[in-house]
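Each remark here refers to the structure printed beneath this line.
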Amino acid sequence: MNAPKGLAPDRAPTGVERPLASRLKWVTGLRLLFATLLFLFFGFFYLEGSISAHTFSGTWLTYVLSATYVLALLYAVALRSGRYLPAVATTQIIADQLTATALVYISGGASSGATSVYALGCLTGAILIGLRGALLAVGFGLSCYALLCVGFATHFVSPPPDQALVAYGTSFSAITFPFLLSSFGIALVGGLSAYLAERLRVTGGALIQAEERADRAERLAELGRISAWLAHEIRNPLGSIRGSVDLLQESTRLTDEERTLLSIVTRESKRLDDLVRDMLDLARPHVPEPTTFDLKKLVEETVALATVDVTTRHVRISADVAEGAAI
């Protein structure tokens, strides 16, 4: 039994959410791998192996890594249930930029090389949600980075006590240039990600339309094959009808009215046969040849048919067509 339409997105990924669910799975797995490698790099190379509870930066890094794994577990639960996938994607984008801010905080502040992680978050946002995700990652990431830099410059945020203060800019003059340079790089990567995401969306839409046209053409081709078979089957009874009418017309006991009706049957069956032949020759259309038709004869035959109709038997029908009228 199908779920109600309004509840479908909360129970299982359907329609456009299926690609999102697939992207979330890949991004979540790659994020765990990348986060592990990144934190190992920061701990053993940048912090010189001080990933321990005895140092402020090591403790900070451990907390951030633990939070990353807890969030990954929550993402996995949400993906398994297939519920609220757009909200999960948005949460991942925001969490990535907060993680980047934490890395920037313990690795040099405004001049930290970890600012490139913001750009990676912009790329992830574009992969997950497209243009809106890239813009969200750029806006939120730059806001976090700017607040952190302002906090250092106003002494509202203190550098890690186990880090060299000379590596941190603690005044506006010291942070302005690295902040502008890093912000430009983040915005550039975010803008390119947004542009590529939009182009991919447009290209993907065109591809879907092309696939739909190809599917429609295939159905039409199948319909053409069925029509050809049906037309062939129709010609057989038409031949029997025409043969039977020809035999009846040989009878000497037919009235003029009956002969007229039989000639109409012959003509109409021939017209049907011509239509069937035209259907069979659809792949090889013929150039139409306009001809004139006796209008008086057409009207008289129509009146004759209407006269013998049970529904019009008590209706008097008359027609007055000029001799030689043609269409």
*Of all heavy-atom pairs between P159 and T170, which one has the smallest distance, and what is that distance?*
CG-CG2, 4.4 Å
*Check F56 against P160 and note the closest heavy-atom contact, atom names and distance.*
CD2-CB, 3.6 Å
*asked:* Is there a side chain to side chain contact (heavy atoms under 4.5 Å, CB included) between F140 and L98? Walk through the geometry before answering.
replied: CA-CA 9 Å; F140 188 76; L98 289 175; 3.8 Å; yes
*With a 4.5 Å heavy-atom cut-off, do D96 and V117 have their side chains touching?*
no
*How long is the gap from CD1 on I127 to OG on S193, to the nearest 0.5 Å?*
8.0 Å
_Can you tell me how far apart OG (S244) and CG (L262) are? Round to the nearest 0.5 Å._
10.5 Å
*Quick one: do V27 and L71 end up in the same hydrophobic cluster if we chain Ile, Leu, Val, Met, Phe, Trp and Tyr together by side-chain heavy atoms under 4.5 Å apart?*
yes
*When rounded to the nearest 0.5 angstrom, what is the spacing between CZ in R80 and NZ in K25?*
9.5 Å
*Kindly indicate, with the supporting measurements, whether the criterion side chain to side chain contact (heavy atoms under 4.5 Å, CB included) is fulfilled by T154 and F172.*
CA-CA 8 Å; T154 58; F172 283 105; 3.9 Å; yes
*Can you check whether L180's main-chain N or O pairs, donor with acceptor, with S183's side chain at less than 3.5 Å?*
no
_Short side-chain to backbone donor-acceptor contact, S116 and G113, under 3.5 Å_ = yes
*Taking the side chain as C-beta and beyond, is there a heavy-atom pair between Y105 and T101 under 4.5 Å?*
no
*Could you tell me whether F177 atom CZ has more than 12 heavy atoms of other residues or ligands within 6.0 Å of it?*
no
*Please assess Q92 against T28 for the test side chain to side chain donor-acceptor pair (under 3.5 Å), listing each intermediate value before the final yes or no.*
CA-CA 9 Å; Q92 287 195 10; T28 300; 3.0 Å; yes
*At their closest point, which heavy atom of G133 faces which heavy atom of I93, and how far apart are they?*
CA-CD1, 3.9 Å
*Does some side-chain heavy atom of V88 sit less than 4.5 Å from a side-chain heavy atom of Y75?*
yes
*Give, for atom CG of L136 and atom CD1 of I94, the distance between the pair rounded to the nearest 0.5 Å.*
5.5 Å
*asked:* In this structure, would F156 and Y168 fall into the same cluster of hydrophobic residues linked by side-chain contacts under 4.5 Å?
replied: yes
*Decide whether V104 and L65 are clustered together by the hydrophobic rule: side chain heavy atoms of Ile, Leu, Val, Met, Phe, Trp, Tyr closer than 4.5 Å, transitively.*
yes
*Distance-minimising heavy-atom pair for C122 and A137*: CA-CB, 3.5 Å
*Any chance you could measure L192, atom CG, to L123, atom CG, to the nearest 0.5 Å?*
10.5 Å
*Supply the atom-to-atom distance L142 CG to I186 CD1, rounded to the nearest 0.5 angstrom.*
5.0 Å
*For A102 and V64, work out which heavy atoms get closest and say how close.*
CB-CG2, 3.7 Å
*Contacts of type ring-ring contact (aromatic ring centres under 6.0 Å, His included), residue Y145, not counting sequence neighbours*: Y118, F179
_Which atom of S182 lies closest to which atom of A110, heavy atoms considered_ = OG-O, 3.9 Å
*State yes or no: do L74 and L128 share one hydrophobic cluster built from I, L, V, M, F, W and Y residues joined by side-chain heavy-atom distances below 4.5 Å, directly or via other members?*
yes
